[in-house]
Amino acid sequence: MQRKRYAPGRTGPTARTGSAARTGSTARTALGLALGLGLAAGLVGCSSGTPSEDVAVDAKAGLAASAAPPGRYQTLFEPCGAVPRAVLQEMLPGAAALPDPERDRAYRGTAAVTYDTDRRVGCSWRADTPEASHRLSLDIERVVSYDSAVSDDDRAQEVYVRKQLAAGIPLPPTAPPETGGTPTTGPSGGTAGTGGPSQPAVTGGATPVNAPVSTPPGSTAPTAPTPTGSASGGPTPSGAPSPTGLEPRVLEGLGDVAYLDDVLGQPRASSRQRSVSVVFRTSNVIVTVSYREEAVGLAEAPDSGELQERARKVARLLADRLEE
């Protein structure tokens with residue numbers, strides 16, 4: 001029997017199998033080339049960012065650089081040693097008559113219990129005699145803003161303003177902006193200046209440092225609580241200003257801002273009490289000096305002028321200490 005030679009063009013199972021193998025090999029080669037080109041394009045895209053991405057990164061860096069500055073103070077001083085003994089002898093006149101152990105304890109003072117002495121400290125001194133009782137206390141708070149858009153000073157100003165309003169002392173009126181041109185009537189009927197500088201807007205929701213709080217148009221200005229008594233010793237008549245000059249008021253020349261509060265307690269059967277507080281802010285630190293005298297067996301109230309002068313003396317000492 002004679003064998004048949006292989007013919008390239010013949011058909012059959014063997015011919016179909018070889019053709020399919022060649023086709024699969026070609027497809028795999030094309031797929032490999034496509035994947036290689038795609039990977040190369042991806043590497044090029046990762047190594048070079050688009051201009052818009054570069055701008056976004058620069059913008060974020062700019063926001064981080066524009067964060068509000070921290071306050072001037074990062075720590076607080078020890079308060080019980082901040083008042084000299086000579087001043088304490090004047091503040092606590094009854095301590096001189098006490099036995100030696102009690103007198104030393106009265107002048108040493110008692111430190112307030114706080115959880116973080118870098119944020120808040122305090123101290124109090126007290127001397128009691130049969131005729132009178134005197135008490136001096138200090139509260140020193142370092143305010144920290146946890147909002148990067150609001151500085152520590154602005155946050156401290158917000159705390160200070162709340163204290164002043166709670167004491168019943170109104171804020172100074174908002175001064176109109178100075179203009180260099182002739183005032184003209186604005187569209188809302190108010191007076192607007194021409195040619196003058198515009199006032200910068202305050203962002204972050206904070207009260208500007210050394211600036212009173214303004215009232216938006218159409219709203220009612222916040223009113224401070226009515227003081228419980230006048231510095232002269234009796235109740236203040238409704239609508240009548242005190243003529244003594246010792247009434248609760250804003251103080252000048254003490255820290256960045258300051259005020260004094262003078263409250264006469266309700267008369268008691270056997271004593272009269274008066275409390276004087278001086279509060280001031282320096283940068284992001286708020287200091288409160290409280291001085292109280294209770295006179296026993298006297299019909300007259302403690303002298304307002306004397307208590308105010310003593311409290312202001314201690315406040316000036318602490319303000320100087322903060323400047324060291």
Whether Tyr160 side chain and Val285 backbone form a donor-acceptor pair below 3.5 Å: no
Would you check if the side chain of Gln164 reaches a backbone N or O of Pro170 as a donor-acceptor pair within less than 3.5 Å? yes
Shortest non-hydrogen contact from [X] to [Y]?
X	Y	result
Ser151	Pro69	CB-O, 3.6 Å
Pro84	Leu317	CD-CD1, 3.8 Å
Leu92	Ala127	CB-CB, 3.9 Å
Ala132	His134	CB-CE1, 3.9 Å

Step-by-step side-chain contact (heavy atoms from CB on, under 4.5 Å) determination, Gln273 to Ser275: CA-CA 7 Å; Gln273 177 179 294; Ser275 299; 4.0 Å; yes
Any [X] side-chain heavy atom under 4.5 Å of [Y] side chain:
X	Y	answer
Val314	Leu138	yes
Arg142	Gln74	yes
Arg272	Leu264	yes
Val276	Val289	no
Ser277	Val263	no
Phe77	Arg321	yes
Glu293	Arg274	no

I'd like to know whether Arg126 forms a side-chain contact (heavy atoms from CB on, under 4.5 Å) with Asp128, so could you lay out the CA-CA distance, the side-chain angles of the two residues, the decisive distance to 0.1 Å, and finally the verdict. CA-CA 7 Å; Arg126 181 167 183 167; Asp128 298 329; 3.2 Å; yes
Expected list for residues 109-118: side-chain donor-acceptor pairs under 3.5 angstrom, two or more places apart:
{"from": "Thr114", "atom 1": "OG1", "to": "Arg120", "atom 2": "O", "distance (Å)": "3.0"}
{"from": "Asp116", "atom 1": "OD1", "to": "Asp118", "atom 2": "N", "distance (Å)": "3.0"}

I'd like to check the side-chain hydrogen bond (donor to acceptor under 3.5 Å, both in side chains) partners of [X]; sequence neighbours left out, ordered by chain and number.
X	value
Arg310	Tyr291, Glu306
Thr282	none
Asp100	Arg103

Restricting to ring pair (Phe, Tyr, Trp, His ring centres under 6.0 Å), what partner residues turn up for Tyr107, sequence neighbours left out? none
Would you say [X] and [Y] are hydrophobically clustered, going by side-chain heavy atoms of ILVMFWY under 4.5 Å?
X	Y	value
Leu307	Leu254	yes
Val278	Val87	yes
Val279	Leu260	no
Val144	Val161	no
Ile140	Tyr259	no

Are Arg316 and Glu309 ion-paired here, with the side-chain N under 4.0 Å from a carboxylate O? yes
Salt bridge or not between Glu141 and Arg281? Use side-chain N to carboxylate O under 4.0 Å. no
Could you walk me through whether Leu322 and Phe280 satisfy the side-chain contact (heavy atoms from CB on, under 4.5 Å) test, starting with their C-alpha distance in whole Å, then the side-chain angles of each, then the deciding distance to 0.1 Å, before giving a yes or no? CA-CA 12 Å; Leu322 288 172; Phe280 69 91; 4.0 Å; yes
Could you go step by step and tell me if Asp152 and Ser145 meet the side-chain hydrogen bond (donor to acceptor under 3.5 Å, both in side chains) rule? CA-CA 5 Å; Asp152 292 346; Ser145 173; 4.7 Å; no
Pair listing, disulfide (SG to SG under 2.5 Å) test, anchored in residues 73-158, at least two apart: Cys80-Cys123
side-chain contact (heavy atoms from CB on, under 4.5 Å) between Val250 and Ile169: does it pass, once the steps are laid out? CA-CA 8 Å; Val250 173; Ile169 302 175; 4.2 Å; yes
